[in-house]
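Let me begin by presenting the structure, written as structure tokens, before commenting on it.
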Amino acid sequence: MKQDNTLGQGLHNFVDEATIREEMARFENPDPGRIREILAKAREKQGLDPDEAAALLRNKDRDLDEAIFETAITIKKAIYGNRIVVFAPLYITNECKNRCQYCGFKASNKELDRRTLSSEEIRAEVTVLEDLGHKRLLLVYGEHPTLGADWIAQTVRDVYAVTSAKSGEIRRVNINCAPLDVDGFKQLHEVGIGTYQCFQESYHRPTYEKLHHAGPKTNFLWRLHAMHRAQEAGIDDVGMGALFGLYDPVYEVLGLLHHARQLERDWGVGPHTISFPRLEPALNSDIAYNPPYPTTNHEFKKIVSVLRLAVPYTGLILTTRETAEFRRELMELGVSQISGGSRTYPGAYSDPEYDRPDVQQFCVGDSRSLDEVIRSVAGDHGYVPSWCTACYRLGRTGEHFMELAKTGFIQKFCLPNGLLTFKEYLEDYASEETKRIGEALIKNEVDNYPDPDRKKLLTERLVRMEAGERDLYL
Ligand code: SAM
Ligand code: SF4
């Protein structure tokens, strides 16, 4: 991977501090009438302006906060229904030449076991994940000191090449790796990645520069323009994020919204997903143990709710950093994708030696198995877990997907397709108890499906699945 100090020179900083400060100040003490007007606008599912998002976030009135949550729940239900997409992270390497102060993989952590998976080891990991029922993976990489885009592309090929018994194959590989140049992104596009994901960590440039003082990640603007370069290379599903706890959460949400707007302006489509990790304890990281801007659960719920209202058609991703109990609440408020049964160390799925908390990137808050997560998602909440990858495989990505999403497509296609993947999971991987709960949920969903023609198509495919067919979608 190229390390060049001229990278990023001349790039425009579209997350302007003065603008964000002005937007934050505009509604320092928002009056209740204004909050209600903003919520009324949000109910039209047209999104919010950054200053409106700031007003909601800065509201201190608990009753109005409840109204914000209620509105988020309504929008979430209206657009996404009760379907939730499930994935697993797969750590490929924890070697890293950066020194992000909050991360267990930072180069200065000499006592961390460094490991980069070989093709053989990737195969072993993917086989375990497939045998658990996963279909969607997020590959995660430290910024490896010597290996670049061609190696990352090879690891993606390695993953797609693994097929195991039952319906085992990975149908969508998303990537979370350091920013590449356009040629590098083209290599990832050519091997068929789904979403390219990269978190800005902090949109507040002085904070960013303080926390990233060595290695290529010091370059704020090069990272800020990563999604633009990915788009230029043809990757039209991009995922952004901020790491909460490093700086003022209101500033970070506004940074995300400005970033999203800039992508819309320049590429006609905003981010496919937004992630909002909260700092978790990590090896030798004071800041991870004592975040300078700790985000309370109440504030975090507001962040998720306000993002749901501000960018209603963008997927919101929640990982196992949060506890099982809290994940439940956040799903209702707006989260549309969750990870389950995650390990955050390369090799930890297939090699018990590396399945230890002390070697992980950070501590996970939800350590339940995938089967337990699915049972709870379906049984306790009545959500339909989905491993659907139909859109991506039919070329419904980027702007095309967003346009469809706005016409109720998610309910028309994503719900039945989600049910079909859930059926596949229950047939091939679920425990008896999960299967019992899941079958009851599918029956209920089919019975209540409003469109008779589509209901017929769905029922016919569910029967074909019971007879042994796999990978069916509408
Ligand atoms: N190395 C690549 C990078 O930095 O973009 C990608 C992989 S990095 C392992 C993925 C993300 O983990 C980072 O972008 C950061 O937001 C998050 N992360 C790092 N340390 C964390 C911590 N202590 N708690 C929660 N999330 C953390
Ligand atoms: Fe390396 Fe990414 Fe961790 Fe920073 S966040 S130390 S770049 S793995």
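Ligands are counted one by one from 1 in listed order, and the atoms in each one are counted from 1 as well. Hydrogens, waters and symmetry mates are skipped; everything else that's a heavy atom, side chains included, is used.
Tyr141 meets the ring-ring contact (aromatic ring centres under 6.0 Å, His included) test with Trp151; sequence neighbours excluded. For Leu11, the side-chain contact (heavy atoms from CB on, under 4.5 Å) criterion is met by Leu221, His225, not counting sequence neighbours.
Those atoms of ligand 1 that come under 4.0 Å of a heavy atom in Arg278, given as number and element, are 24 (N), 25 (C). Atoms of ligand 2 found under 4.0 Å from any heavy atom of Cys96, numbered from 1 in the order shown, are 1 (Fe), 6 (S), 7 (S), 8 (S). Interface of Lys106 with ligand 2, defined as ligand atoms under 4.0 Å from a residue heavy atom, comprises 6 (S). Close approach of ligand 2 to Gly142 (heavy-atom distance below 4.0 Å) involves ligand atoms 8 (S). The contact set between ligand 1 and Val140, taken as ligand atoms under 4.0 Å from a residue heavy atom, comprises 7 (C), 9 (C). Residue contact check: Lys217 has heavy atoms under 4.0 Å from atoms 2 (Fe), 4 (Fe), 5 (S), 7 (S) of ligand 2.
Results of the side chain to side chain contact (heavy atoms under 4.5 Å, CB included) test with Phe199 over Ile274, Leu243, Leu256, Asn176 single out Asn176 as the only residue that passes.
Both the backbone and the side chain of Asn176 come within 4.0 Å of ligand 1, judged by heavy-atom distances. Of all the heavy atoms of Arg99, none lies under 4.0 Å from any atom of ligand 2, so neither backbone nor side chain is involved. By the criterion of a heavy-atom distance under 4.0 Å, the side chain of Glu201, and not its backbone, is placed next to ligand 1. Under 4.0 angstrom from ligand 1, the non-hydrogen atoms of Ala282 all belong to its side chain.
Using the six-membered ring where Trp is involved, Phe14 and His259 have ring planes that are tilted, between 30° and 60° apart.
The heavy atom nearest to atom 7 (S) of ligand 2, considering only Asn98, Val140, Leu211, Asn176, is found in Asn98. Comparing Phe276, Phe105, Phe199 by heavy-atom distance to atom 11 (C) of ligand 1, the nearest is Phe199.
Under a 4.0 Å N-O distance rule, the pair Glu424/Arg171 qualifies as a salt bridge. Salt bridge annotation for Arg21-Glu17: present, with a cationic side-chain nitrogen under 4.0 angstrom from a carboxylate oxygen.
Among the atoms of His212, none of the N, O or S atoms falls under 2.8 Å from atom 4 (Fe) of ligand 2.
Between the side chain of Arg343 and the backbone N or O of Pro346 there is no donor-acceptor pair closer than 3.5 Å.
A distance of 6.0 Å or more separates the ring centres of Tyr345 and Tyr91.
At least one N/O-N/O distance between Arg223 and ligand 1 falls below 3.5 Å.
Annotation for Ala242 and Glu252: closest pair CB-CB, 4.3 Å, computed over non-hydrogen atoms.
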